[in-house]
Amino acid sequence: MGAMSASRDEGTDTRTVDASHGFFGQPRALANIFGVEMWERFSFYGMQGILLIYLYYSATRGGLGIDQATAAGIVGAYGGAVYLSTILGAWLADRVFGSERVLFWSAVVIMAGHISLAVLPSYAGVIAGLLFVAIGSGGLKANATRIVGTLYDEHDSRRDAGFSLFYLGINLGGLLGPLITGLLQSTLGFHWGFAVAAVGMAIGLIQYAFGRRRLPDRAREVPNPLPSGRYPLVIGIGVAAVVVILVLVFSGVVTAQNLALWVIGIVIVSAIAYFIVILSSRLLSPDERSRIVAFIPLFITNAAFWSLYQQQFTVVTIYSDERLNRNLFGWEFPVSWVQSINPIFIIVLSGVFAAIWTKWGDRQPSTPLKFAAGTVVMGLAFFLFLIWAGGGKNSTPLLGVVAILLVFTIAELLISPVGLSASTKLAPHAFQAQMVALYFLSVALGTAMAGQLAKLYSPETEGIYFGVIGGVAVAIGVILALMSPWVLRMMRGVR
């Protein structure tokens, strides 16, 4: 009640949904979330575009000189931690502050992380920067998605198209970020690249602050408020968790070499616990409980998809540095620029996919079939690497990688915006943001696995590597397609 009355005192819109059509046929408030997510992704992907090479480049090249396999594991673990921290951001939104407030303060924490990477030297900057960015990004990601969901009625046919436009904002930032940070890194140094990421997040934060009051009251609602008597217990658990983490790190149990495995284990345990907690809640109706069960095979398939897709920041980055011919009219362009190829295709094709889903309406493929198709196509993308397997240094043509990343993009558009949308459509009322966090846990699992799998990659065995991993993804997608009639029945009217 406090969150609702506070929002009315601020003079905000009291509608439960936004029925306007002022932003490309979508609710006007979508433009504000589109903007903050665009600038957050600018900073996130801009930093991540140069992070791996910063870790493994030698000191003479401005890096830290960490061995390549360990560096890839760190990047995968960090990416997994970003999505793992959506649990904290979603829980704070559902139980304490509401999604809108958590999103705002998460953006502040992200900016602090990028500033840390820019100004703090060596390992201090990496530890502080990645910690702040991971926590802040987790809070922002779950709640930005949930706020987009609040703009639509449950049966609004514009929802999937709206999420596709939202995804366009993500990829505008993903396009510009690596281009600018990579250029600054290659000309002025790594810390200049990290600094411009901080500036991008500051722009997004300012833009969001001006428009946040126009969001519907549902964005500020605390669906399942935490009783005041339980605050001491929750604070105690949080302090204990921090102490345990510090003990494990300083005792040498958790190291840079096994960090990705730890994140994978934590995500698996967290996901199982989350499913048990939600499914056992008395706040769920029978239909809501059935929809959660239907989400389990989608969760597994999504994790498999992201374990391949997120190798853009591990294996594909190493591949771009060592195997790709980056000569462009006599100039060798920065490694991070390869990561802007995928967003270009997203920008071009997201509108096409949104138009297709809108035109087909109720005749479009069901959510389970979209998930299955995306995973199969992702596996096929890995098969394309086999064409150049075993080549020498910088022997793969640029157009070859461009073609592979086009297939990455098609797979992504089949599953990622659809997954975001499904997490809001299947969410029980009492677990709205936390259901989005559960979706991101599958992304966390896949991202951490991408870091762990990268340790198996080498140019000498890349044929086996790409062939086996691609084949597993295709098999998982086919299994989900065969299961799709059962999954659809369990979704109880949601497609």
Side-chain angles (χ1 to χ4, degrees), residues 26 30 33-34 37 83 86 141-142 144-146 148-149 151-152 154-171 174 291-292 294-310 342-343 345-347 349-379 381 407-427 435-443 446 473 476-481 483-485 487-488 490-495:
Q26 302 293 325
L30 180 62
I33 309 303
F34 176 99
E37 186 74 3
Y83 295 100
T86 58
K141 288 181 76 65
T145 303
R146 188 252 163 168
V148 172
L151 305 179
Y152 301 92
E154 181 180 356
H155 301 292
D156 192 331
S157 62
R158 299 178 300 165
R159 180 185 287 260
D160 278 7
F163 272 94
S164 292
L165 283 173
F166 173 66
Y167 215 65
L168 173 62
I170 292 174
N171 285 281
R291 289 169 180 170
I292 299 298
F295 191 68
I296 294 174
L298 301 181
F299 179 99
I300 296 170
T301 304
N302 204 50
F305 168 84
W306 288 100
S307 70
L308 275 68
Y309 180 85
Q310 293 291 67
N342 169 254
F345 286 131
I346 290 286
I347 292 167
L349 295 178
S350 60
V352 175
F353 274 74
I356 290 172
W357 303 147
T358 301
K359 183 175 181 179
W360 285 359
D362 293 338
R363 294 180 290 109
Q364 65 188 274
S366 65
T367 294
L369 286 177
K370 290 177 183 176
F371 267 67
T375 307
V376 169
V377 173
M378 193 68 230
V407 181
F408 269 52
T409 302
I410 295 170
E412 181 184 4
L413 286 170
L414 283 167
I415 194 170
S416 189
V418 175
L420 291 172
S421 179
S423 67
T424 63
K425 290 189 289 188
L426 298 173
M435 186 66 179
V436 177
L438 190 56
Y439 164 80
F440 280 126
L441 271 181
S442 68
V443 183
I476 291 173
V478 170
I479 291 170
L480 179 61
M483 292 178 59
S484 62
V487 175
L488 200 55
M490 296 298 291
M491 288 170 67
R492 298 291 178 91
V494 175
R495 284 187 54 85

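Nothing fancy with the numbering, it's 1 onward along the sequence.
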Worked verdict on Thr301 versus Ile479 for side chain to side chain contact (heavy atoms under 4.5 Å, CB included): CA-CA 9 Å; Thr301 304; Ile479 291 170; over 6 Å; no
Could you pull out the closest heavy-atom pair between [X] and [Y], with the gap in Å?
X: Gly477; Y: Ala372; result: O-CB, 3.2 Å
X: Ala481; Y: Ser484; result: O-OG, 2.7 Å
X: Ile33; Y: Val148; result: CG2-CG2, 3.7 Å
X: Leu298; Y: Pro368; result: CD2-CA, 4.0 Å

Test side chain to side chain contact (heavy atoms under 4.5 Å, CB included) applied to Ser442 and Tyr83, step by step: CA-CA 8 Å; Ser442 68; Tyr83 295 100; over 6 Å; no
Min side-chain heavy-atom separation [X]-[Y] under 4.5 Å:
X: Thr367; Y: Lys425; result: yes
X: Leu414; Y: Phe353; result: yes
X: Thr375; Y: Leu308; result: no

When rounded to the nearest 0.5 angstrom, what distance separates [atom1] in [X] from [atom2] in [Y]?
X: Ile170; Y: Lys141; atom1: CD1; atom2: NZ; answer: 6.0 Å
X: Leu441; Y: Thr86; atom1: CG; atom2: OG1; answer: 5.0 Å
X: Phe345; Y: Phe408; atom1: CZ; atom2: CZ; answer: 12.0 Å

Ser307 side chain vs Ala304 backbone, donor-acceptor pair below 3.5 Å: yes
Phe299 and Phe295 aromatic ring geometry - parallel, tilted or perpendicular at 30°/60° bounds: perpendicular
